[in-house]
Amino acid sequence: MSLDIPLRAMSDGKSIPSLGIGTYLVPPNDAARVVAIALQVGYRHIDTAALYGNEREVGMAIAESGIPRDELFVTTKLWNSEHEPDKARVGINASLERLGLDHVDLYLIHWPAPRVYGDSYIAAWDEMQEFKREGLATSIGVSNFNVEHLDNLNGETPVVNQVELHPSFSQVPLRDEMARRGILIESWAPLDRGADLTDETIAQIAEATERTPAQVIIRWHLQHGFVVIPKSINRPRIEENSKVFDFELTPAQMQAIDGLNRDNRQGADPATADF
Ligand code: NDP
C-alpha cells in the first residue's frame, strides 16, 4: 500500500514527498524493522545519514520491500569529517554501498561545521555538484546551514536546507530567507523530539480537530510548505504520523501554533557546533 503523499517541487525540477520517516537514533539492530513498517504503512521517503550508523539496515528494508526504486525517495548525508573532496567521494560511495543503491535521491552536507573544519564545506559543495553530474545523487542540498554558510557556496543553489524546526523553534527569519532563495525547508525534530506534543495550545487544537498532538504539529509543518520527517520506532505512531492528509488547520489554528515560538533549540547552533 502506498499513501497518497503530496510532492513538493524542488528548484532543480525534481520533487520530494512532503512526508518521510526519520531514522536518527534508530539503532542498527532495529532500523530494518522500522523502515519496513514505514514502507508497509505507505511512506516512500526515508531520511538517513552516514552518522546514524543504520544505512545498511535501511538498505536491507528497501531491498526486501520489493518496491520499485523509482517509487522511493532516499536521502542520506555527508558527515562533517568528510568535507574534503576525496573524502567526500569515499563518503558517498560508502553510503551507496551500505544502502545497496547506485544513487540517492537527495544528498546533503550534514553540517557546515566551521568551528572544527573551517570552510571545508565550500569545497564539499563543489564536489557534491560533481556527484550530481555523475548521477550518484539526483538532487543535492544542505543541512544546518545559516545564511552566511549559503552565501559562501559556489555554483548551484542547494534544493533544500534541512534544519531544526518545530513550533517552539520556528525559525521565521531563516524560513523567509530560504523562501526568497527558492530553497525548500525540511524540518528536523519536527515534533521537538516529543517536547512540543505536551503544549496546551497544541492539546486544545488536537481536541478541536479530533486529531492527536503529533498530527496537529505535522499538519502545521505541511501547511507551511515544509517537508517533514518525524521519527518513530513504534508502528502505531508511524501510522498516526502519516494520517495527516485528510484534515486542515484553520488560519486561526495555524496562527495559534505560530505563536508558540520561544526560539527554543534542541540541537546545536550551526555557527558554533563543535563536532
Ligand atoms: P522528532 O521530532 O521526529 O521526534 C522523535 C521523538 O518523538 C521520538 O522520541 C519518538 O518516540 C517521538 N514520537 C514520534 N511520533 C510520536 C507520536 N505520534 N506521539 C508521541 N511521540 C512520538 O525528532 P528527530 O530528532 O528524530 O527528528 C526527525 C528526523 O530528522 C530524524 O530522525 C532524522 O532523520 C532527522 N534529523 C536530522 C538532523 C540533521 O542534523 N540534519 C538532526 C536531527 C534529526 P518513539 O520513536 O519512541 O516513538
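We count ligands from 1, going down the list as the structure has it; atoms in each ligand are counted the same way.
With hydrogens and angles left out, the side-chain atoms of Glu55 and Thr76 include a donor and acceptor closer than 3.5 Å. In this model, a donor atom of one side chain and an acceptor atom of the other lie less than 3.5 Å apart for Trp188 and Asn144.
Exactly one residue among Glu84, Glu134, Glu82 makes a salt bridge (charged side-chain N to carboxylate O under 4.0 Å, His left out) with Arg89. That residue is Glu134.
For Arg175 (side chain) and Met178 (main-chain N/O), no donor-acceptor pair under 3.5 Å exists by modelled atom type. Judged by distance alone, the side chain of Asp199 and the main-chain N or O of Ile202 form a donor-acceptor pair under 3.5 Å. The main-chain N or O of Glu240 is found under 3.5 Å from a side-chain atom of Gln215 such that the two form a donor-acceptor pair.
Protein residues are said to neighbour a ligand when one of their heavy atoms lies under 4.0 Å from it; for ligand 1 these are Gly22, Thr23, Tyr24, Asp47, Tyr52, Lys77, His110, Trp111, Ser143, Asn144, Gln162, Trp188, Ala189, Pro190, Leu191, Asp192, Arg193, Gly194, Leu197, Ala214, Ile229, Pro230, Lys231, Ser232, Ile233, Asn234, Arg237, Glu240, Asn241.
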